[in-house]
There are 2 protein chains.
Amino acid sequence: MAVTQTQAPTSTAQRILDVAEQLVQSRGYNGFSYADIAGELAITKASLHYHFASKAELGEALIERYSARFTEALERIDSTIPAARAKLDAYVGLYTDVLRGERMCLCGMLAAEYQTLPQPMRGSVIRFFDGNVAWLASVLADGQSDGTLSFDGAPNDAAQTILSSLQGAMLVARPYGDLARFQAAAARTLASLKTP
Amino acid sequence: MAVTQTQAPTSTAQRILDVAEQLVQSRGYNGFSYADIAGELAITKASLHYHFASKAELGEALIERYSARFTEALERIDSTIPAARAKLDAYVGLYTDVLRGERMCLCGMLAAEYQTLPQPMRGSVIRFFDGNVAWLASVLADGQSDGTLSFDGAPNDAAQTILSSLQGAMLVARPYGDLARFQAAAARTLASLKTP
DNA sequence: GTCTATAGGCAGATAGAC
DNA sequence: GTCTATCTGCCTATAGAC
């Protein structure tokens, strides 16, 4: 039987991931070093290597955790919000929260640096996007079925456009430090799915 | 009176900019070094510093040249294509050409790395986006006036959405190495401006 | 698990000869 | 303008004590 923990443990590995995630989302994978994490957590670089032997391993762990949390968030949306259009609004809300922290989507950032990434990280980035498109396509198909959403072409194609439009809206809004700019672009993107 | 040149000179500085531009657009500003350029051109790093004393200076020169060329391309569109909708198609064509070279838009890439950029480069990135939005807004306003384009809200807001959607479409399509994916998203974005 | 110490390499940058 | 040589500093990573 597992020991019951009163306080959240927040292991060292977790805190390393927390700091590294913030660094990648704001500065990029090639824009931070182990020294940055070590300084923030007041431990040595050598200790970091105990938890994540290489930077590539750390990178993989970052995407895995990020993807898992994102998937959980999508499942929460599915289980709490019935209407397709409201699900899309909630999806935009996830991005808004990221941008509010002056961050880019982790995988959007890594997409920019894609050609410099270790091979295993590349696959994980692709899977993140594929999962997002699949979820969006499912929501779009549902909305089309019940007549609450309308769009041309296949749900999968429309889903790809929504994903890339939101990623681009984050990418461009962040240099301006302008959350409203993102929200306006997101609203316009969703508005193109109006029922006739 | 200036000396007439029969052949294009292609000065060393130009060739440095050519190689550096390709590197930034594919690997990012933090993803290449002076050694990469030196290797490609078969000259030494010290020679590079003669032409561009610091990497920050090189970065500024890259954006200035890129922006100037982009502005020229937009002026060519204005002077050769009368219809607003066709101008937008040509604008998408500029992006398509970039992506065909397996590159990201220079300033889209730099937007991702924004928080790590030297201050002068940041201003230049912003000005590039502002110039693009201003041009797009002008085209949209024209199309709205002559009834060939229809959209909600101000031309400037619609222009911001077009810019960010195209940047995002490039960002996401590049890891897949899928030009068609970009083109589909771009076409869908422009299709949302249909006349009623 | 965390530390000290250090390896080995590459980064951007400079001095000075040619 | 381009070179050789070199500097200083940071990078990822490892060995081994505690």
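Computed over heavy atoms, backbone and side chain alike; hydrogens, waters and symmetry mates excluded. Order of the sequence lines sets the chain letters (A, B, ...), proteins ahead of strands, with each chain counted from 1.
Side-chain atoms of Asn132(B) come within 3.5 Å of backbone N or O of Phe128(B) as a donor-acceptor pair. For Arg27(A) (side chain) and Glu113(B) (main-chain N/O), no donor-acceptor pair under 3.5 Å exists by modelled atom type.
In this view, Asp130(A) and Tyr176(B) satisfy the side-chain hydrogen bond (donor to acceptor under 3.5 Å, both in side chains) rule, not counting sequence neighbours. Partners of Tyr29(A) by side-chain hydrogen bond (donor to acceptor under 3.5 Å, both in side chains), not counting sequence neighbours: none found. Residues forming a side chain to side chain contact (heavy atoms under 4.5 Å, CB included) with Pro155(A) (at least two apart in sequence, or on another chain): Ala137(A), Leu140(A), Ala141(A), Gln144(A), Phe151(A).
Among residues at least two apart or in separate chains, side-chain hydrogen bond (donor to acceptor under 3.5 Å, both in side chains) pairs with a member in residues 45-55 of chain A are Thr44(A)-Ser47(A). Sorted by first then second residue, the salt bridge (charged side-chain N to carboxylate O under 4.0 Å, His left out) pairs that include residues 139-167 of chain B, not counting sequence neighbours, number zero. Listed by first and then second residue, the salt bridge (charged side-chain N to carboxylate O under 4.0 Å, His left out) pairs involving residues 11-25 of chain A are Asp18(A)-Arg65(A), Glu21(A)-Arg65(A), Glu21(A)-Arg103(A) (not counting sequence neighbours). Within the structure, ring pair (Phe, Tyr, Trp, His ring centres under 6.0 Å) pairs that include any residue of residues 79-100 of chain A comprise Tyr91(A)-Tyr95(A), Tyr91(A)-Trp135(A) (at least two apart or interchain).
At whole-Å resolution of the value, CD1 in Ile43(B) and P in dC3(D) are 6 Å apart. We find that NE2 of His51(A) is positioned 8 Å from C1' of dT2(C), with the value rounded to whole Å. Going from atom CG of Asp36(B) over to atom P of dA11(C) covers 6 Å, rounded to whole Å. Between the P atom of dG12(C) and the CD1 atom of Ile37(B) lies a distance of 8 Å, rounded to the nearest Å. Between the C1' atom of dG1(C) and the CD1 atom of Ile16(A) lies a distance of 10 Å, rounded to the nearest Å. Put simply, CG on Leu48(B) is 10 Å from P on dG12(C), counting in whole angstrom units.
Comparing dC11(D), dT2(C), dG1(D) by their closest approach to the side chain of Ala35(A) singles out dC11(D).
Residue Ser47(A) places none of its side-chain N or O atoms closer than 4.0 Å to OP1 or OP2 of dG1(C). Dashed line: the shortest gap from a side-chain N or O of Thr12(A) to OP1 or OP2 of dT2(C) is under 4.0 Å.
Within residues 20-33 of chain B, no residue has a heavy atom under 4.0 Å from DNA chain D.
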When you check every protein heavy atom under 4.0 Å of nucleotides 13-18 of chain C, what one-letter string (B, S, -) results, 5' to 3'? BBB---
